[in-house]
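This report concerns only the one structure given below.
Model, not experiment: these values are computed from the prediction. Residue numbering restarts at 1 for every chain, and letters A, B, ... go by the order of the sequence lines.
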Amino acid sequence: MCKINITITVNNVVYHEQVPVTMTLLDFLRERLGLTGTKAVCREGECGACTVILNGQAVNSCLILVAQAHGSQVLTIEGLTGTRGDHPIQQAFIDAGAVQCGYCTPGMIMASKALLDQYPQPTEEQIRQALSGNICRCTGYTKIIAAVEQAAKMLTEERS
Amino acid sequence: MDMEGQNYITVGLPLARVDARGKVTGETRFATDLSMPGMLWGAFKLAGVVHARIKAIDTTKAKALKGVQAVLTAADIPGVNQVGPIIKDQPILASDKVRHVGDVVALVAAQTPDIAYQALELIQVDYEELPPILTPQDGLLEEAPLLHADKPGNICLRMKLRRGDIVEGFRQADQEIEDTFTTSRQEHCYLEPMAGIAFPEGVGSLAIYGSLQCPFYVQKAASDILGLPLNRVRVVQTPTGGGFGGKEDTPSEIYVRLALLARATGRPVKLLLSRREDILTTSKRHPMKIKIRLGATAQGKLTAAQVAVVADCGAYATISPPVLFRATAHAVGPYRIPNVHVDTTGVYTNHPPSGAYRGFGQPQMAVAMEGALDHLAQRLNMDPLDLRLTNVLTPGDCTCTGAVLENCQDLKQTIEVAAKSAGWRQKYRKVPQLHKRYLRGMGMAVIHYGNSLGAKGWHLDAAGALVQVHADGSISVGVGNIDMGQGANTVLTQIAAEAFGVSPTNVNILEVDTTRVPDSGPTVASRTTTLSGNAILDAAAKIKSTLAAVAAEHLSTPVVQVRFEHDQVLGAAGRSISFQKLAQLAYEQNIHLAAQGWWVAPYSSFDENGQGNAYYEYSYATHIAEVTVDVVTGVVRVDKVTAAHAIGRVINPVAAEGQVQGGIVQGLGYALTEDLRDYTGYIQGNSFATYILPTCLEAPQIEVHFVENPSVHGPFGAKSLGEPALIPAPAAVINAVSNAISWRMHALPVSAESIKLTLDAAARDTVRL
Amino acid sequence: MKSFQFQTPDCLAHALEILAQSQGPVRLLGGGTDLGVALQQGRLATCLLLNIANLPELTTIEEEDGHLSIGSSVTYDQLIASPLLQRQAPLLIQAARTVGSPQIRNRGTIGGNLGNASPAGDLIVALYALQAQIEVASQNQTRKIPIVEFFQGPGRTVLQPHEMITHIHLPSNSGDVTFFWKVGLRAAQAIAVVNLAVQAQRSDPEHLANITVAYGAVAPTVVRAPSAEEVLLTQPLNDFSLQKAARQVQRDITPIDDVRASARYRQLLARDMLYYGLQEALEKAAS
């Protein structure tokens, strides 16, 4: 297997690693770095469970070769919990009852984070569009949408 | 509403889920995330053909591959090569025949997943292909080949229900209708794929950790197949990323294969099925063909119902008997019908086994019965709401099995609450809408749901709990039923906290481990709140009586006056001690503060004519769907679903609402888009790209109401909810679509394509329904 | 055992040099939204993966001499966000919005959509209607290919092994009656059952000029609908001519039954989407 050296920043930690050229970002995070919060469900970009934020954008980490992410900044669910505790989006998911089995949750939260970074006060339609690449089989989405609305409010209050 | 309820402190609170934090931070370790030192990777060689005789299996090349530690076939099984919780018709590794594309013929354990998959490619299986049976109708033909030598006619099972005099019933009818409905093969699509790890534990024992619903099923299967006594097999359920019935029967095959590999290699073996493998090899919702005939008087009183169900059981029976029992017992809905015939036939085919799926045969029956009722209402020129109100069971009435419902006033209330809240009387259109691009429609469905396993599963209807109060007043609770995402651990926490009068933060629900409590049956049939909840109450009562005696002495209070409230234990004359201090006091006196609880469901019966109470308790629900159909494309948008559920006491309103919302969206997926498209046995819909799940753009506005009429059986009066959340939704959505387009749709999924083709045919046809 | 290679060139010339000199097969890797799936499913043959995602020459959107030039590594998201395209090629943006999910649109590229050559490619349908030219380059030459000549069948294009798509050229703002309409099995994350793009100019209240009608998922490649276009060009606009044009579409398409839909459904959709779509677009243009 052909390997390549990469430098990648994950959750503000810089890693210099040698990786197989076909290793996905998803497998790199889960298997090399042990960051198992990012989930693998369909491995074909259909479900969004593996969503992480790559250079500010929500992406399916199952479709990205980590070799392609050389020099990039990656934020995963583990990086969202800061020194001050849970991120408001995480808290909102707990408070709104948006978590059931929890397997879609990290991807949902990362997709929500990407949305709120770009649109701090999204409409319901913007939320639905932003989460349309993330499948949830448990909740019927209602409480997830409510959680993102709540998180937007919390973040706006935090800023002001 | 009873007054007692006003006093509950934790029961009825919208407590945040106890497992939510680990899930939002990514800290929760699912089976997929586990690893162990020295761990190998397991993989399954799937049949890849639909129906064939196995002439030879050659594993030589696979065994020779570097990094391969074991290659096993049926010949390597130490115990019996047989699974099947009821009918023992399924080999765990196919030996002479394969009967569906996902049958497993060999197992590999290797150092990496890549090597394991390479080894699978090197296993050569020589098949003699046999003609496949692709529909139950084909299977029933006289000349059909037999899937199982001992199952003549390919019949898996037959069941019947007889009530009253069907001939007389139809003679009394002024109007009658007949419809035939067909339903599709739904896949659970729990997001976490099947994953687990099995490892030798001590000498001669094995442990299995996995994503599963029924640890005791897996324990039993492992014991049979490995030839080990039950006390040598320990099964632990890992946090489970969705089940919906999909992790009920199938894990007994999946993880026991893993255990075979662990035993053969003496090392931990992990398995993680790919989504494609998971879809190919696991069980599905039963496709059914349901012929239904209803008769009613001119005033709309139902006089007779005749139902014939032919169900596709797939290659093996798995859990078909209780599924078809439930379907039969609920065939004609919660209505007063004096004369009923139901005939149910389950047929083997060369598809993946049909097994447990949320609703257990009831969603299909509701589609048929509620669709037929709308048809009848049209024929009678009656509002479908009035037809239902006229016939719905009221206290003292009998179900079609002859169960007398004494306390079912909440059933009719669900109809009234949903209809009022949805504005049915104002919005429902009887007249076809012509010359419009967007057609609006409204539909309803009403269901009853027999709680827990009922007569055909009564022998499994008991559960245990192990409760321990520690010296610091914190409480550990072990149960035998699991949380697969539905929120059981939160609700059980509330039940335990309420029982002891302590804060829910004092309670810790332990991971489910078969060594902790006696066999508590499966986590199915929406029964965990009741079964495990009552078992916790039983154990709590024992410990509380011990604690009360300690408190009585300490507080100089007669023991009957001791109360447990707000983390305090109260005695006479305002004297009190904190729960924590009382626990400490008890420990100082060497008093035993642990107990096993046990609860057995009341007996239920179902005789050879389908008569008996069938289940000891029923939940009720009404869903009303509002849809818009685009006549240009046939695309349906579900605008709103209004749901009213009678589930006795609501233990956690937010969790309960979440169950209903999730059930509705899973139900509308079933109604409109979900279909494995398995026409050939090879399954076209074998990925998330080809099996079309609803996204949040398909999710409607959902309004949820609860009608609280406490049950005498459930903990604090609770009843079942998990499955009733889904059951009425497909029927309501399809009735709404039929109402919109003024044409009754009979085949699931009611896809945009089927609607467009129907509208196109109707446009060229002068006769409309 | 497969052994893939991976290389990231620093500029277009370097990429073309690698393409020219490579002994074995080379696959161009943009966003990976198609290749990544093939790789995960073990369907990708061993090759050199040439990472062109961030080649500076291929990530620009520019207007030059009344033409728009879009680099092949521009993502769907960048198309949608481009003020220039919002003004000059709204049809392309409408098409881009219907692709996949936000995660897919953040990675997938216009060049990838063309190179993948799906008969249902959403951007391809819009680019047919916009009469795009595909600029392809090798180390020795560049050539521009009209989009209708670019595709040979499902997954097949006229691209030579040492060539790559570098730019897509569009005439800027050439229609006042335009629409893109995709019908899939759900609202997002869907491959088209039928997708349709129309562009025309309203020469006078009664007539359309320069009309292009393009369909996806109804033939081995995306196709124009010349019979329908002919009716719309030659007959005065009224309900009768719209219906007639819609009926003529059957002559231009050859849909099949597949995992998503039947040929019959596609025929009905192709007919009715044109009729209703035009009706709506004409009303919108009139108001």
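- Neither the backbone nor the side chain of B:Asp483 comes within contact range of chain A; no heavy atom of the residue lies under 4.5 Å from a heavy atom of that chain.
- Among B:Gly663, B:Pro193, B:Ala20, B:Ala689, the residue with the largest count of heavy-atom pairs under 4.5 Å with chain A is B:Ala689.
- Considering every non-hydrogen atom in both B:Phe688 and A:Cys42, the closest pair reads CD2-CB, 3.8 Å.
- Contact annotation: the side chain of B:Thr32 approaches that of A:Arg30 to within less than 4.5 Å [non-hydrogen atoms, C-beta and beyond].
- With a 4.5 angstrom heavy-atom cutoff, B:Glu27 does not touch chain A via any of its atoms.
- For the side-chain contact (heavy atoms from CB on, under 4.5 Å) test with B:Cys696, the passing option among A:Met108, A:Arg128, A:Gln129 is A:Arg128; the others fail.
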Exercise. Given B:Phe244 and A:Cys138, is the side-chain contact (heavy atoms from CB on, under 4.5 Å) satisfied, shown in steps?
Worked result: CA-CA 9 Å; B:Phe244 317 113; A:Cys138 295; 3.7 Å; yes
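- Put simply, the side chain of A:Glu46 does not reach to within 4.5 Å of the side chain of B:Leu693, judged on heavy atoms.
- Here B:Thr695 is the residue among B:Ile702, B:Thr695, B:Val665 with the most heavy-atom pairs under 4.5 Å with chain A.
- Using a 4.5 Å cut-off between heavy atoms, B:Pro694 touches chain A through backbone and side chain atoms alike.
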For this session: Could you give me the CA-CA distance, side-chain angles and deciding distance for B:Phe30 and A:Lys39, then say whether side-chain contact (heavy atoms from CB on, under 4.5 Å) is met?
Result: CA-CA 10 Å; B:Phe30 293 85; A:Lys39 299 301 177 202; 3.6 Å; yes
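- Side-chain contact between A:Asp86 and B:Arg21 is present, with at least one heavy-atom pair separated by less than 4.5 Å.
- Of the atoms belonging to B:Leu191, heavy atoms from both backbone and side chain fall under 4.5 Å from chain A.
- Heavy atoms closer than 4.5 Å to chain A are found nowhere in B:Arg276, neither backbone nor side chain.
- Across all non-hydrogen atoms, the minimal contact from B:Val654 to A:Gly97 is CG1-CA, 4.0 Å.
- Across B:Asp278, B:Asp19, B:Val24, B:Asn652, the residue that shares the most heavy-atom pairs under 4.5 angstrom with chain A is B:Val24.
- A:Gln100 is not listed as a side-chain neighbour of B:Gln486, based on a closest heavy-atom distance of 4.5 Å or more.
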Exercise. Under the salt bridge (charged side-chain N to carboxylate O under 4.0 Å, His left out) criterion, do B:Glu674 and A:Arg137 qualify, and how do the steps go?
Worked result: CA-CA 13 Å; B:Glu674 292 183 33; A:Arg137 193 57 161 164; 2.7 Å; yes
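- Of the listed residues (A:Gly140, A:Ala40, A:Ala96), the one with the most heavy-atom contacts under 4.5 Å to chain B is A:Gly140.
- Using modelled atom types and a 3.5 Å distance limit, the side chains of A:Thr36 and B:Arg29 yield a donor-acceptor pair.
- There is a side-chain donor-acceptor pair under 3.5 Å between A:Glu44 and B:Ser687.
- The distance from atom CD of B:Gln661 to atom OG1 of A:Thr142, rounded to the nearest 0.5 Å, is 4.0 Å.
- In terms of heavy-atom pairs under 4.5 angstrom with chain B, the leader among A:Ile89, A:Ile145, A:Ile135 is A:Ile135.
- To the nearest 0.5 Å, the span separating CZ on B:Arg17 from CG on A:Asp95 amounts to 14.0 Å.
- For the pair B:Thr25 and A:Glu78, the minimum side-chain heavy-atom distance is 4.5 Å or more.
- Annotation: maximal heavy-atom pairing with chain B below 4.5 Å, among A:Val41, A:Thr105, A:Val99, occurs at A:Val41.
- To the nearest 0.5 angstrom, B:Glu698 atom CD is 8.0 Å from A:Tyr141 atom OH.
- No side-chain donor from either of A:Tyr103 and B:Thr240 sits under 3.5 Å from a side-chain acceptor of the other.
- Residue B:Glu657 touches chain A through both its backbone and its side chain, counting heavy-atom pairs closer than 4.5 Å.
- Most heavy-atom pairs under 4.5 Å with chain B: of the set A:Ser132, A:Cys101, A:Gly45, A:Cys136, this distinction falls to A:Cys101.
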